[in-house]
Number of protein chains: 2
Amino acid sequence: MKLETRKHEIIKTAAKLFKEKGYSAVTMRDIATAMGIKAASLYNHISSKQEILKEIIISLAEEFTTGMELIVNSNNSNLDKLSQIITLHVTITTNNTSGMASLNNDWMHLEDQLDYYLELRNKYEETFLNIINQGIKSSEIKKVNPEIIMFSMLSTLRSLYLWIPNKEASNANVIANNLSTILIQGINK
Amino acid sequence: MKLETRKHEIIKTAAKLFKEKGYSAVTMRDIATAMGIKAASLYNHISSKQEILKEIIISLAEEFTTGMELIVNSNNSNLDKLSQIITLHVTITTNNTSGMASLNNDWMHLEDQLDYYLELRNKYEETFLNIINQGIKSSEIKKVNPEIIMFSMLSTLRSLYLWIPNKEASNANVIANNLSTILIQGINK
DNA sequence: GTCTATAACACGATAGAC
DNA sequence: GTCTATCGTGTTATAGAC
């Protein structure tokens with residue numbers, strides 16, 4: 001997977017540009033210029049602009065799917081599972097901040113892989129909601145609308161890519177712990 | 001302001017399309033087709049594609065600025081001010097869901113008005129952070145990193161546009177109340 | 001207020017030399 | 001692996017008829 005160095009370089013450069021302006025506003029010439037080469041040269045390593053987007057998004061979506069499966073199959077309490085989900089998002093976002101921007105904002109520009117992406121996302125949200133519902137049933141979690149709980153948590157976690165790069169000082173653990181406190185315990189003293 | 005009916009119609013149609021695919025991926029032809037006319041006809045009512053984006057984003061940004069000024073100048077407790085901010089976001093988003101997508105995702109494509117937009121946004125976040133800091137000082141709010149608190153709340157509030165349209169059943173008040181509970185009191189029972 | 005026609009340019013992608 | 005040159009198409013925007 002790390003053997004195709006040049007291809008990976010293109011994907012990394014593209015992801016950074018996609019984060020700034022979005023997939024549609026970034027041209028092959030932009031990507032090439034950022035790498036110090038000409039646009040035509042990119043096609044020796046990738047087949048199309050679309051392939052770049054696919055590589056960025058699908059690998060991340062699969063990473064979340066794998067992570068969620070590990071969490072849901074553990075024997076932890078439901079609140080602990082939620083904390084693990086927070087850590088999952090913080091970890092993946094820390095390792096690939098630019099890619100997370102595309103996952104959040106450019107998934108609709110996927111062509112062949114759009115259905116597959118939506119399948120993974122729906123499954124992820126279904127599992128997430130299940131954990132919240134079980135937490136309510138077992139009296140670990142307040143009886144608030146479970147969909148609003150998930151929406152609120154997911155909104156914060158999906159926006160991490162905007163915020164983590166500006167917090168070079170803190171490491172992933174500190175952020176995950178702070179977020180667990182805020183999202184689970186609330187801010188009211 | 002409501003006198004230029006046709007212009008407003010274009011902006012409304014454009015905002016809906018921008019929400020689906022983003023500013024850069026929507027063409028003047030797309031907007032025209034959605035209105036049942038030809039692209040050239042749009043230019044009798046607006047001067048450029050850029051002007052459409054400006055109208056969508058700046059009016060919303062100013063709405064938030066005005067709303068925040070009212071809140072911060074009130075005599076309520078800091079926790080109540082946070083609740084009022086939540087209501088502000090829910091209300092504005094309910095009234096202009098499509099526009100909120102552009103405000104969140106396409107602000108970087110502003111040309112002449114980019115600096116002005118950033119000014120408004122920075123001021124807004126500064127005021128927001130101030131309320132949290134004062135709430136911590138007055139022991140209303142837990143002593144957690146105030147920036148993470150703001151980030152978490154703002155992430156949820158800025159994502160409302162994704163979620164509110166799918167919740168036709170609930171009204172704005174119900175959503176605002178649920179969010180206040182979750183964001184302020186937490187979900188832990 | 002909308003149309004057709006078109007200018008002027010940017011886009012993704014390919015061909016073929018080195 | 002990168003280049004120059006270019007194709008075919010799509011883009012914003014304008015001109016001028018109706």
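Note that these values count all heavy atoms, side chains included, but never hydrogens, waters or copies made by symmetry. Because the structure is a prediction, the values reported are computed rather than measured. A note on names: the letters A, B, ... follow the listed sequences, proteins ahead of strands, and every chain is numbered from 1.
- With sequence neighbours excluded, no residue forms a side-chain hydrogen bond (donor to acceptor under 3.5 Å, both in side chains) with B/Gln134.
- Under the side-chain hydrogen bond (donor to acceptor under 3.5 Å, both in side chains) criterion, A/Ser59 pairs with no residue at all, not counting sequence neighbours.
- For A/Arg6, the listed nucleotide lying nearest its side chain is D/dG1; candidates were D/dG1, C/dC3, D/dC3.
- The stretch residues 13-25 of chain A has no heavy atom under 4.0 Å from DNA chain D, so no residue of it qualifies as close.
- Comparing D/dA13, D/dG1, C/dA13 by their nearest atom to the side chain of A/His45 picks out D/dG1.
- Sorted by first then second residue, the ring pair (Phe, Tyr, Trp, His ring centres under 6.0 Å) pairs that include residues 170-189 of chain A, not counting sequence neighbours, number zero.
- Aromatic ring pairs are classed by plane angle as parallel below 30°, tilted from 30° to 60° and perpendicular above 60°; the pair A/Tyr124 and A/His89 is perpendicular.
- Here A/Tyr23 pairs with A/Phe18, A/His109 under the ring-ring contact (aromatic ring centres under 6.0 Å, His included) rule; sequence neighbours left out.
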Give the table of side-chain donor-acceptor pairs shorter than 3.5 Å for residues 111-122 of chain A, with sequence neighbours excluded, one pair per line with atom names and distance.
unit_1, atom_1, unit_2, atom_2, d
A/Glu111, OE2, A/Gln50, NE2, 3.4
A/Tyr116, OH, A/Glu62, OE2, 2.6
A/Asn122, ND2, A/Leu118, O, 3.3

Protein and nucleotides 16-18 of chain D: nitrogen or oxygen contacts under 3.5 angstrom:
none

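- Contacts of residues 108-117 of chain A with DNA chain C (heavy atom under 4.0 Å): none.
- In this structure, A/Gln84 contributes its side chain and A/Ile71 its backbone to no donor-acceptor pair below 3.5 Å.
- The stretch residues 27-38 of chain B touches DNA chain D through B/Thr27, B/Met28, B/Arg29, each having a heavy atom under 4.0 angstrom from the strand.
- Pairs of residues two or more places apart, or lying in two chains, that qualify as side chain to side chain donor-acceptor pair (under 3.5 Å) and include a residue from residues 30-42 of chain A are A/Thr27-A/Asp30.
- B/Glu125 pairs by the side-chain hydrogen bond (donor to acceptor under 3.5 Å, both in side chains) definition with B/Arg158, not counting sequence neighbours.
- Every side-chain hydrogen bond (donor to acceptor under 3.5 Å, both in side chains) that A/Asn188 has, sequence neighbours left out, goes to B/Gln185.
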